[in-house]
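All remarks here apply to the structure that follows.
These values consider heavy atoms only, across backbone and side chains, with no hydrogens, waters or symmetry-generated copies. This chain uses plain numbering: 1 for the first residue, then up along the sequence.
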Amino acid sequence: MDMKTSPTNRENAEAATARPASDVPALTPPVDVFEDENGITLLADLPGVSKENLNIRVEGEQLAIEGTVSLGESTRLEAVYAEVRVAQYRRTFALSGDLDTERIDAKMKNGVLTLRIPKAEQAKPRRIPVTVA
């Protein structure tokens, strides 16, 4: 392997910014999804992604999570060998119409994104009282 002709992380990042986001290779972050009677909670592991480099969007019934990894590389240094080539995470989810996408709450802490997506009021379970006649 010729180390001098291998692309560096900086070259990969520059190439990534020149292409549309869907053309850039991306890692698929591991995600845990929990559901309760009030909605769903999604936990996504996004190590190295800062709040500023995170993009969460809903388009129709699709939830998209994208994040760019900041490895803290110095612009003065050039990698001779770099094992980390992909500097982006991407994951999409199909959402149920029972979820209220207008009230999504997102929090980022220690590389873990927590999304809370509440159920729409009409989708929540409700108790029906029974009267004795």
| task | Establish whether Ile65 and Leu43 are linked, either directly or via other cluster members, by ILVMFWY side-chain heavy-atom contacts under 4.5 Å. | result | no
| Would you call Lys119 and Glu37 a salt bridge, using N to O less than 4.0 angstrom? | no
| field | Asp105 vs Arg103, salt bridge (Lys or Arg N to Asp or Glu O under 4.0 Å): CA-CA, chis, key distance, verdict | value | CA-CA 6 Å; Asp105 181 48; Arg103 296 185 352 201; over 6 Å; no
| Heavy-atom closest contact (Asp36 atom, Arg116 atom, distance) | OD1-NH2, 3.0 Å
| message | With rounding to the nearest 0.5 angstrom, report the CZ to OG1 distance, Arg57 to Thr92. | response | 9.0 Å
| Nearest 0.5 Å, what's the CD-CE distance between Glu52 and Met108? | 10.0 Å
| request: Could you give me the CA-CA distance, side-chain angles and deciding distance for Glu66 and Leu46, then say whether side chain to side chain contact (heavy atoms under 4.5 Å, CB included) is met? | output: CA-CA 9 Å; Glu66 295 178 345; Leu46 301 166; over 6 Å; no
| remark: Minimal heavy-atom distance between Tyr89 and Pro29, with the atoms involved, is CD2-CB, 3.9 Å
| task | Go through Leu115 and Ile104 one step at a time and tell me if the side chain to side chain contact (heavy atoms under 4.5 Å, CB included) criterion holds. | result | CA-CA 7 Å; Leu115 285 178; Ile104 295 176; 3.9 Å; yes
| request: Could you walk me through whether Thr28 and Arg90 pass side chain to side chain contact (heavy atoms under 4.5 Å, CB included), step by step? | output: CA-CA 6 Å; Thr28 302; Arg90 185 178 309 117; over 6 Å; no
| remark: CD1 of Ile40 to CD of Glu35, rounded to nearest 0.5 Å, is 7.0 Å
| task | Taking the side chain as every heavy atom from C-beta outward, state whether Val69 and Leu27 have any atom pair closer than 4.5 Å. | result | no
| task | Kindly indicate, with the supporting measurements, whether the criterion salt bridge (Lys or Arg N to Asp or Glu O under 4.0 Å) is fulfilled by Asp45 and Arg91. | result | CA-CA 11 Å; Asp45 292 333; Arg91 186 102 184 235; over 6 Å; no
| query | Can you hop from Val49 to Val112 via hydrophobic side chains spaced under 4.5 Å? | reply | no
| query | Which value, rounded to the nearest 0.5 Å, describes the distance between Asp100 atom CG and Leu95 atom CG? | reply | 11.0 Å
| Residue from Leu63, Ile117, Val58 passing side-chain contact (heavy atoms from CB on, under 4.5 Å) with Leu99 | Ile117
| message | When you compare the side chain of Leu42 with that of Phe34, does any pair of heavy atoms fall below 4.5 Å? | response | no
